[in-house]
Amino acid sequence: MTNKYIIALDQGTTSSRTVIVNDKGAIVAMEQQEIEQIYPKSGWVEHNPMEILETQLTTMKKAIKKAQIQPSEIAGIGITNQRETTVVWNKFTGKPIYNAIVWQDKRTAAICENLKEKGLDNHVNKTTGLVIDSYFSGTKINWILENVEGAKASAAKNELLFGTIDTWLLWNLTDKKIHATDYSNASRTMLFDIKNLYWDDTLLEALKIPKSMLPEVKPSSFHFGNYELNGVKIKITGIAGDQQAALFGQTCFEKGEAKNTYGTGCFLLMNTGEQLQYSKNGLLTTIAWGIDNKIYYALEGSVFIAGAAIQWLRDGLQMITSAKESEEFANLVPEESSVYVVPAFAGLGAPYWDMYARGAIFGLTQDTGKNHLIKATLESLAYQTKDLIIAMENDAQTTLISLKVDGGASANNFLMQFQAAILNTVVERPKTTETTVMGAAYLAGIYVGLWTQESIVLHRKIDREFTPNFSSEKRNRLYKKWQKAVKRSMNWEEL
């Protein structure tokens, strides 16, 4: 029997990657290429869509060569992507009319304020599951149409197409034939009705976006179209936004299962099943994926400062020379110390939502040393994650089953053990932390019959399980002190 492979394209904020996975779910080749970050003005972030396409194609060809496989052995292609980043292009020339506006870009803040003044907050939340913010794609499309010369006229003549990065790649990979996206990416545009599964006319009208620009929305595991390589047609059968792909890659298939990605910030997603759950705590409601004619939803929360707090220890305070050292120094502190660090360097997100909060250190005594500060900074990542999980459990009326972790800081054993203890929940770290690309590969492989969701769960190998080791009295005492510390760091501007 011929070996079969899945190609997973991972188009991220800083690089384009291609990973090739064999039919046993093992990675056999990987290629990566950085992309240029363009900053035309303060708060503006752009990418060149042609560079995104070229780097993605280059890494794919290099990975296929490295793996020494034939096009006929490739069963399918999966795509995962930086979410919300917006491309508008001319469908006749195939050329973008402006650079891609990246999810981090803040230029549309005034457009967002205008939508709020029109009283659209509630409609946006109930229809899209999101909040009005420059983070999402809708206001970025409006900005391009209003500010790029000739864009409005071209849109009126039905000449322009919009896509998030998955759509831009798909359109080019299918030789400009297929203009589509999946439910997970559509749910991040601030234009999509996540309950009724169609583009919302009220929001399109408010942002003056012609419906003709928008892609068709399909399930995440679906035959989107074909990529032709050396005369062989390869099916493109999986698409999901990066955080949803990571949730799938971590096999969080059951209601109440969650994953946390410990990166610069933390992205925490909990599967809420086929039931759409609105948040009362400022979390986002999003589509996790569409598969087997069913839609699965998730609640999503973000910690603004996670790995960035460890960078602060290294670069700002120069207490450590590498992130890895933080574990070593934290372990030198006696079991419990009274020091708390609240890393509110950019304000506080859910569930506090205080943009005026500032970072603070509490509980200093004369014998406090750098090890105490390092330990307290690591603990703050776990406390902030607990804040989000409590909000999620309240919103979803469900209890966390386990927390599956990935991202750079998940390698820190001290942090993972403290996370399990403060949550009173098992924390699972997989052997393969490439959960995002695996999610894209799995969605593609399931469609072509390479795997089932049940067999994927068997593929997943756990590197280490961290089990709770605090008494309920200790856990509650420590967490109450954290909540007091947070309260005292809030409303700093009013002091």
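Keep in mind that the numbers below use all heavy atoms, side chains included, and drop hydrogens, waters and symmetry copies.
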* **Neighbour count >12 (heavy atoms, 6.0 Å) for atom NZ, Lys324** => no

* Indicate whether any N or O donor in one side chain lies under 3.5 Å from an N or O acceptor in the other, for Asp10 and Thr80. => no

* Asked: Which heavy atom in Leu160 sits nearest to a heavy atom in Asn90, and how many Å separate them?
  -> CD2-CA, 4.1 Å

* To do: Please check if atom CD in Glu254 has more than 12 non-hydrogen atoms from other residues, nucleotides or ligands closer than 6.0 Å.
  => no

* **Nearest heavy atoms of Phe192 and Ala186, plus distance in Å** => CB-O, 3.3 Å

* Got Asn114 and Lys118 here, is their nearest side-chain heavy-atom distance under 4.5 Å? -> yes

* Structure fact -> Smallest heavy-atom separation, Asp166 atom then Ala180 atom, equals OD2-O, 4.5 Å

* Within the distance-only criterion (no hydrogens, no angle test), does the side chain of Gln250 pair as donor or acceptor with the backbone N or O of Pro430 below 3.5 angstrom? -> no

* To the nearest 0.5 Å, how far apart are NZ in Lys152 and CG in Asn147? -> 9.5 Å

* Minimum heavy-atom separation for Thr385 to Val303, with atom names? -> N-CG2, 4.4 Å

* **Spacing of Ser410 atom OG and Phe466 atom CZ [to the nearest 0.5 Å]** => 8.5 Å

* Taking the side chain as every heavy atom from C-beta outward, state whether Val124 and Val131 have any atom pair closer than 4.5 Å. => no

* What pairs with Asn394 under side chain to side chain contact (heavy atoms under 4.5 Å, CB included), at least two apart in sequence or on another chain? -> Asn281, Ile390

* **Heavy-atom check, side chain of Thr181 versus side chain of Thr189, under 4.5 Å** => no

* Asked: Among pairs that include at least one residue of residues 249-272, which meet ring-ring contact (aromatic ring centres under 6.0 Å, His included), considering only residues two or more places apart or in two chains?
  -> Phe248-Phe253

* Residues that Pro40 engages under side chain to side chain contact (heavy atoms under 4.5 Å, CB included), provided they are two or more places apart -> Ile38, Trp44, Glu46

* **Pairs where residues 56-77 contributes a residue and the test ring-ring contact (aromatic ring centres under 6.0 Å, His included) is met, not counting sequence neighbours** => none

* To do: List for me each residue that meets salt bridge (Lys or Arg N to Asp or Glu O under 4.0 Å) alongside Lys116, sequence neighbours excluded, and say none if there are none.
  => Glu113

* Structure fact -> dist Thr86:OG1 -> Tyr98:OH (nearest 0.5 Å) comes out at 12.0 Å

* Would you say the ring centroid of Trp289 lies under 6.0 angstrom from that of Tyr442? -> no

* Residue Lys91 excluded, over 12 heavy atoms near NZ under 6.0 Å -> yes

* Between Asp175 and Lys177, is there a salt bridge with N-O shorter than 4.0 Å? -> yes

* Structure fact -> Hits for side chain to side chain contact (heavy atoms under 4.5 Å, CB included) against Gln275, two or more places apart or cross-chain, chain-then-number order -> Gln277

* To do: Using a 4.5 Å cut-off on heavy atoms from C-beta on, say whether the side chain of Lys208 contacts that of Glu146.
  => yes

* To do: Starting from the C-alpha separation in whole Å, work towards a yes-or-no answer on salt bridge (charged side-chain N to carboxylate O under 4.0 Å, His left out) for Asp292 and Lys294.
  => CA-CA 5 Å; Asp292 295 334; Lys294 290 178 182 174; over 6 Å; no

* Going by heavy atoms in the side chains, are Leu204 and Leu214 under 4.5 Å from each other? -> yes

* Structure fact -> Nearest heavy-atom contact between Gly445 and Ile6 is CA-CD1, 3.7 Å

* **Counterpart residues, salt bridge (Lys or Arg N to Asp or Glu O under 4.0 Å), relative to Lys218 (two or more places apart)** => Glu216

* Measure across Pro351 and Asp387 and return the closest heavy-atom pair with its distance rounded to 0.1 Å. => CD-CB, 3.8 Å

* Assign the ring pair Trp171 / Trp89 to parallel, tilted or perpendicular, where the plane angle (0 to 90°) is split at 30° and 60°. => tilted

* **Under the salt bridge (Lys or Arg N to Asp or Glu O under 4.0 Å) test, residues paired with Asp201 that sit two or more places apart** => Lys211

* Short question: side chain of Tyr278, backbone of Thr285 - any donor-acceptor pair under 3.5 Å? -> no

* To do: Applying side-chain hydrogen bond (donor to acceptor under 3.5 Å, both in side chains), run through Thr127 and Asp193 and close with a yes or a no.
  => CA-CA 5 Å; Thr127 306; Asp193 185 324; 5.2 Å; no

* To do: Run the numbers on Ser187 and Thr286 for side-chain hydrogen bond (donor to acceptor under 3.5 Å, both in side chains), then give the verdict.
  => CA-CA 6 Å; Ser187 74; Thr286 199; 3.1 Å; yes

* To the nearest 0.5 Å, tell me how far Thr261 OG1 sits from Asp406 CG. => 3.5 Å

* Greater than 12 external heavy atoms within 6.0 Å of Glu274's CD -> yes

* Output the distance between atom CD (Gln82) and atom CD1 (Ile35), rounded to the nearest 0.5 Å. => 5.5 Å

* Minimum side-chain heavy-atom gap Pro219-Ile291 below 4.5 Å -> no

* Lys24, NZ atom: more than 12 neighbouring heavy atoms under 6.0 Å -> no

* Any donor-acceptor N/O pair, His47 side chain to Val102 backbone, under 3.5 Å -> no

* **Distance in Å, Leu299 CG paired with Asp395 CG, rounded so as to fall on 0.5 Å steps** => 5.5 Å

* Tell me the salt bridge (Lys or Arg N to Asp or Glu O under 4.0 Å) pairs involving residues 179-192, sequence neighbours left out? -> Glu84-Arg188, Arg188-Glu300

* Would you say Pro215 and Trp168 make side-chain contact, with heavy atoms under 4.5 Å? -> no

* Asked: Distance-only, no hydrogens or angles: does the Lys106 side chain make a donor-acceptor pair with backbone N or O of Ser134 under 3.5 Å?
  -> no

* To do: Kindly write out the residues that satisfy side-chain hydrogen bond (donor to acceptor under 3.5 Å, both in side chains) with Glu428, not counting sequence neighbours, or none if the list is empty.
  => Arg460

* Asked: If only atom types and distance count, is the side chain of Thr272 paired as donor or acceptor with the main-chain N or O of Tyr297 below 3.5 Å?
  -> yes

Show me the donor-acceptor pairs, under 3.5 Å and distance only, between side chains in residues 49-56 and residues at least two apart or in other chains.
| unit_1 | atom_1 | unit_2 | atom_2 | d |
| --- | --- | --- | --- | --- |
| Glu51 | OE1 | Glu36 | N | 3.3 |
| Glu51 | OE2 | Glu36 | N | 3.3 |
| Thr55 | OG1 | Ser16 | OG | 2.9 |
| Thr55 | OG1 | Glu51 | O | 2.8 |
| Thr55 | OG1 | Ile52 | O | 3.0 |
| Gln56 | NE2 | Arg17 | O | 2.8 |
| Gln56 | NE2 | Thr18 | OG1 | 3.4 |

* Do the side chains of Thr85 and Ile101 get nearer than 4.5 Å, heavy atoms only? -> no

Just list the side-chain donor-acceptor pairs under 3.5 Å for residues 237-247, sequence neighbours left out, or say none.
| unit_1 | atom_1 | unit_2 | atom_2 | d |
| --- | --- | --- | --- | --- |
| Thr237 | OG1 | Ala444 | O | 2.9 |
| Asp242 | OD1 | Arg83 | NE | 3.4 |
| Gln243 | OE1 | Lys259 | NZ | 2.6 |
| Gln244 | OE1 | Arg83 | NH1 | 3.1 |
| Gln244 | NE2 | Ser184 | O | 3.4 |
| Gln244 | NE2 | Ile287 | O | 3.1 |

